[in-house]
Amino acid sequence: MTIATDLLDRFARIVGDRHALRQPADIAPYQEEPRGLFGGVTPLVLRPGSVDEVSRILALASETGTPIVPQGGNTGLVGGQMPDGQGGEIVLSLSRLNRIREIDTSSNTATVEAGVILQMLQQAAAEKDRLFPLSLGSQGSCQIGGNLSSNAGGVGALAYGTARDLCLGVEVVLPTGEVFDDLRKLKKDNTGYDLKDLFVGGEGTLGVITAAVVKLFPLPKGRELAWAALASPDDALRLFALANDRAGNGLTAFELIERTPLAFTLAHVSGAVDPLADPHPWYVMLEISSGRSADDASTLMEEVLTTAFEAGLVADAAIAQNETQAASFRHLRESMSEAQRAEGGSIKHDISVPVAAIPEFIERAGHAAQEVSPGCRVVCFGHMGDGNLHYNVSQPVGADKAAYLALYRPMNDAIHAIVRQFGGSFSAEHGIGRMKRDELVATQPAIATELMRRLKTAFDPAGIMNPGKVI
Ligand SMILES: Cc1cc2nc3c(=O)[nH]c(=O)nc-3n(C[C@H](O)[C@H](O)[C@H](O)COP(=O)(O)OP(=O)(O)OC[C@H]3O[C@@H](n4cnc5c(N)ncnc54)[C@H](O)[C@@H]3O)c2cc1C
């Protein structure tokens, strides 16, 4: 279904011609997403500059039954920010709502508009001696509205929580055009249903987040980053227990990495350097932060690693000697997904299981993957401290890429079946979007789907908000 030209004109007039993109070259970037899996088509991209404009757009959309697809930084990995291929959906870009309205250092909060780039907020907070701890590989382009709508996780979630945990209040434009202003700074507020939590993680299906209040933390005085080599995920689990015991909340990252993703990164990412002299089967990148001093963080890290060496858990380790080296460790970790591209087809899983189950999950999933595609290469890395792994599987060397990717479904089914046996999640941090909608409906209890449908109908009676996503 296409949208009549005079209706497109009415939408365009709300934001003004300059901010209503209609030329194919202007629209093109809004129709492509990072993995190239969910191309879409739209006749119009609207770039509102105020909450009032968002409100008028959604009111008109509800009145005319016009589907709206909110788009933030367009870094989502499940196709939630993409219009479908029919050309009948309008993309609503939040990029121009990009003001940091307030940083309140006494309450430790920031009030920010949805289009603020994550890295901008991190920097603005640091200038006030505060930490905004959400940290993602896409932080240079993803936006706070997108982070909240997809309940992003990332490396800092271990100590500081996911985007949901970091959010205190939201300002939302409902599909009807009404504005729900809930920009409160309260940590404690037990006044009925927590409505904001429906929009956080809602993937733009219930309304458009236009601003939010997020938590800030004191900037750590010291941070130590280490790259440790281990023999097995079992040893990583023991190291996790040890680091937790010694550092407590000061353990601010614990990333498990198999040799294969590191090898791919060393082979395909320019400037990538192995932090250690010899190859090892498994690694952990761990960070310890201290609110007291740089020395304190350093002493804690030394203590954890020395104890781990003595217990035979760690075979070798490097502690970043300066910020440049720390950045190069982080860059290795962040490049792993991209590095896989050069190795042919990849079937990806973003799963979580209880932390204690990680070694057994890896063991069983490895067998299952080989049964689906003998010779495939498991590329396992992720936020082990959160029980979250990016359990990706690259094609066998020399295999036909298309034939391998035809196994996407059976591979997903095999891996996700094991995830379910551990009571885990088949979408730990990337969301549902278009990619996992059918699997969600097929695997969650029918009553959960029914409750989600009732919520959707209550918030969006005209069905205009990001249709076809999530449910
Ligand atoms: C290199 C790379 C690394 C990544 N690493 C991580 C990671 O470690 N952890 C993680 O969780 N994710 C990660 N991601 C996924 C992605 O960056 C996050 O999901 C991010 O939070 C999306 O933000 P965005 O602004 O790009 O949103 P978009 O991709 O534009 O949108 C995501 C979803 O939110 C909706 N949406 C966007 N803005 C709004 C709004 N204002 N109101 C309502 N709905 C809205 C969209 O409709 C869509 O459904 C990574 C992606 C890349 C490319």
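All ligand and atom numbering here is 1-based and tracks the order in the structure. Fair warning: this is a prediction, and the values are worked out from it, not measured in the lab.
Within 4.0 Å of ligand 1, contacts by protein heavy atoms are made from Pro70, Gln71, Gly72, Gly73, Asn74, Thr75, Gly76, Leu77, Gly80, Gln81, Leu94, Ala114, Leu136, Gly137, Ser138, Cys142, Gln143, Gly145, Gly146, Asn147, Ser149, Ser150, Ala152, Gly153, Gly154, Glu203, Gly204, Gly207, Val208, Ile209, His383, Glu429, His430, Asn466.
Between His383 and His390, the ring planes are perpendicular. Angles over 60° get that label, and only those under 30° would be called parallel. Between Tyr391 and Phe361, the ring-plane angle classifies as perpendicular under the 30° and 60° cut-offs.
Close placement of the Phe459 and Phe199 rings is indicated, their centers lying within 6.0 Å of each other.
Although no hydrogens or angles enter the test, the distance criterion places a donor-acceptor pair under 3.5 Å between the side chain of Gln31 and the main chain of Thr42.
In this structure, the separation between CD on Glu89 and CD1 on Ile68 is 9.0 Å, given to the nearest 0.5 Å.
Checked against side-chain contact (heavy atoms from CB on, under 4.5 Å), Asn412 has the following partners two or more places apart in sequence or in another chain: Ile347, His349, Tyr408, His416.
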